[in-house]
2 protein chains.
Amino acid sequence: MTNMASGNTIAEVASLIGDAARANMLAALMGGQALTAGELAHHAGVTAQTTSGHLARMTGAQLLTVEKQGRHRYYRLASPAVAQAIHALMAVAAEGPKRHHPIGPKDEALRLARTCYDHMAGRLALAVADSLVRQGHLILADGVGLVTESGQGFFCDFGIDLTEAAPSRRPLCRTCLDWSERRPHIAGRLGAALLDRALDRGWVARRPDSRALRLTRLGDQGFATIFALPADWREPGAGHRP
Amino acid sequence: MTNMASGNTIAEVASLIGDAARANMLAALMGGQALTAGELAHHAGVTAQTTSGHLARMTGAQLLTVEKQGRHRYYRLASPAVAQAIHALMAVAAEGPKRHHPIGPKDEALRLARTCYDHMAGRLALAVADSLVRQGHLILADGVGLVTESGQGFFCDFGIDLTEAAPSRRPLCRTCLDWSERRPHIAGRLGAALLDRALDRGWVARRPDSRALRLTRLGDQGFATIFALPADWREPGAGHRP
DNA sequence: GGGACGTTTCGGCCGGGACCGAAGCATTCG
DNA sequence: CGAATGCTTCGGTCCCGGCCGAAACGTCCC
């Protein structure tokens, strides 16, 4: 009974995530898009009424935010902190049972390029990160990234303003351990901005019902030239030792 | 019903954490020490039988590890990933309700110096981090830290070998958002090593039943001279604008 | 050996909450 | 306006799991 404070609220949060239906909804929202109550019900595999209750509780606890639009209600994760917590739980869940590649061959598209909350992941994201490091635009070490002098210019040319006086405490460039391969890709504000620009330019497009990203013909060229990707970046092991 | 894989195991993990009694035990273990079943029962405020059940489930799910020693059983967090997940959940729990300093004045010792899983936190840790940055031994930015050339020497002199060819993928220097103040302190392997050395040298000592650290007379001197701490490092706001 | 202590197992109680069917609002469209 | 659609509220069922008392097991000490 020393300091029992703050211990119980983490239990509330965790128990909210600790239900199969809700966890599935949250995992679906890790895609970064806002989803309607109906879509979330579908992801969770429960009826609309049940879903409604779940969503009410999660928004009440500030895990989600709602935005009503016509007769739809769009839900999204309330903050990067929530995404990070879910990510951390996924990491723990993945390391428990010793099945390292049990996910199956089904989702090759996911392994190639997908969204991870608000940034890109998959081999494309790894190739981009490797490339930025190789060109000296980014120093990637020990779980973080630092934008170099030359990087500032590069990202600015690419349409990303990094100077922003940071009203938010959100880190500029975190890294995120990739789920398919085992190497870090770019997350944080920089990661989000990269995804935004790539979507703006039509280099990648979201798929309807999946976190996978479709690499367009335009993007195929664009990434290869601007980021100077190696020819074999689609290969699973590429980039391990340049 | 797109990709429901992996969603349900995170629910299992989260639901394990999502119980008040278990959450209290885990929070207690965030101190980094191994604790006996009895101590954990005390922290959780439930009987020994109940605790036993909880601990069995958590070790079964690889959240905890046990080590039996005589008639005691020592439990600790099974991995840094578990600690990180709990940390992330704490962050979410803290940002929900808008009470920023509700914790109370009681635990001044905690605010001054405490352990956070395996490294130091509190104003002492902040002062150390500030100091290392000021002296150019460390670059702290965007949620990560990089050890500079001069830092390599400094830490080596202090008894920390950083060269270790990293058999573990664990980041050398992560940062961790401090709970009392709002600034980052040093975590990761470097953070753990700093705490170890400080304990070795008798600069700080663990308190019996709390995460708070006691700063010894020796440590008072030691930190001040080796790390060149400013005179006012004990003040809550110190270091904000050097 | 006997007794104290730490921990686990068993059995039973009981409450919270996940779930669904049916009905009630709200919004959009014909 | 009425019908269709998306979502919520209400009422009721049911089961999972947290909790404790009692008792067994293992370990240390005298």
Side-chain angles (χ1 to χ4, degrees), chain A residues 1 4 7-29 33-61 63-76 208-209, chain B residues 1 4 7-29 33-61 63-76 208-209:
Chain A
M1 225 160 285
M4 66 186 330
N8 66 33
T9 44
I10 113 165
E12 292 167 14
V13 173
S15 101
L16 234 36
I17 306 177
D19 168 85
R22 285 192 295 261
N24 282 328
M25 297 182 205
L26 291 169
L29 287 170
Q33 295 179 92
L35 298 176
T36 67
E39 291 171 311
L40 289 169
H42 188 242
H43 277 283
V46 294
T47 62
Q49 317 90 291
T50 304
T51 301
S52 178
H54 286 313
L55 293 173
R57 291 186 56 184
M58 290 196 283
T59 57
L63 290 188
L64 301 180
T65 58
V66 213
E67 193 176 342
K68 65 184 301 187
Q69 217 169 94
R71 52 185 170 183
H72 294 278
R73 257 167 192 184
Y74 283 93
Y75 290 87
R76 51 167 27 111
D209 214 17
Chain B
M1 228 154 282
M4 67 186 331
N8 66 33
T9 42
I10 111 166
E12 291 167 14
V13 173
S15 99
L16 275 177
I17 306 178
D19 167 84
R22 285 191 295 261
N24 282 329
M25 298 183 204
L26 291 168
L29 288 170
Q33 295 179 92
L35 298 176
T36 67
E39 290 171 313
L40 290 169
H42 188 242
H43 278 282
V46 294
T47 62
Q49 319 91 295
T50 304
T51 301
S52 178
H54 287 313
L55 293 174
R57 292 186 56 186
M58 290 195 282
T59 57
L63 289 188
L64 301 180
T65 58
V66 213
E67 192 177 343
K68 65 183 303 186
Q69 218 170 91
R71 52 183 170 184
H72 294 278
R73 266 180 179 165
Y74 283 93
Y75 290 87
R76 51 167 27 111
D209 214 18

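Proteins get letters first, then strands, A, B, ... in listed order; numbering begins at 1 in each. All heavy atoms count here, side chains included; hydrogens, waters and symmetry mates do not. All figures in this text were calculated on a predicted structure; none of them were measured in a lab.
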May I have the distance from K68(B) (atom NZ) to dG6(C) (atom C1'), rounded to whole angstrom?
11 Å
note: N24(A), atom CG; dC19(C), atom P; distance rounded to Å ~ 10 Å
By nearest-heavy-atom nucleotide on DNA chain C, the more 5' of A37(B) and Q69(A) is A37(B)
I want to verify a distance call: between dC19(D), dT7(C), dC7(D), whose nearest atom is closest to the H72(A) side chain?
dC7(D)
Mind checking whether T65(B) and Y75(B) have side chains closer than 4.5 Å, heavy atoms only?
no
Between R22(B) and L16(B) (side chain of the first, backbone of the second, donor and acceptor by atom type, cut-off under 3.5 Å), is there such a pair?
yes
M58(B) CE to dG17(D) P, straight-line distance once rounded to whole Å
15 Å
Given DNA chain C, 5'-ward residue of the pair H54(A) and G70(A), judged by closest heavy atom
H54(A)
On DNA chain D, does the nearest nucleotide to L55(A) precede the nearest nucleotide to R71(A) from the 5' side, or the other way round? Give the residue.
R71(A)
Is the phosphate of dC19(D), meaning OP1 or OP2, less than 4.0 Å from a side-chain N or O of T50(B)?
no
Using a 4.0 Å heavy-atom cut-off across all strands, classify Y75(A) as base, sugar-phosphate, or nothing.
sugar-phosphate
Answer yes or no: does a side-chain N or O of R57(B) lie under 4.0 Å from OP1 or OP2 of dG18(D)?
yes
What is the separation between atom CG on L40(A) and atom C1' on dG6(D), rounded to the nearest whole Å?
13 Å
Tell me the interatomic distance from D19(A), atom CG, to dC15(D), atom C1', rounded to whole angstroms.
14 Å
Starting at atom CD of Q49(B), determine the distance to atom P of dC20(D), rounded to an integer number of angstrom.
7 Å
Applying a 4.0 Å non-hydrogen cut-off, can you work out what T51(A) is touching in the nucleic acid: base, sugar-phosphate, or nothing?
nothing
Please determine whether a side-chain nitrogen or oxygen atom of T47(A) lies at a distance below 4.0 Å from atom OP1 or OP2 of dC20(C).
yes
Interatomic distance where NE2 belongs to H42(B) and C1' belongs to dG6(C) [whole Å]
15 Å
From CZ of R22(A) across to C1' of dC19(C) the rounded distance in Å is 12 Å
For a quick check under 3.5 Å, do T36(B) and E39(B) share a side-chain donor-acceptor pair by atom type?
yes
Answer whether the closest heavy-atom distance between the side chains of L29(B) and H43(B) falls below 4.5 Å.
no
Are any non-hydrogen side-chain atoms of L64(B) and L26(B) less than 4.5 angstrom apart?
yes
Selection from dC7(D), dA22(D), dC20(C) that lies nearest to any side-chain heavy atom of V46(A)
dC20(C)
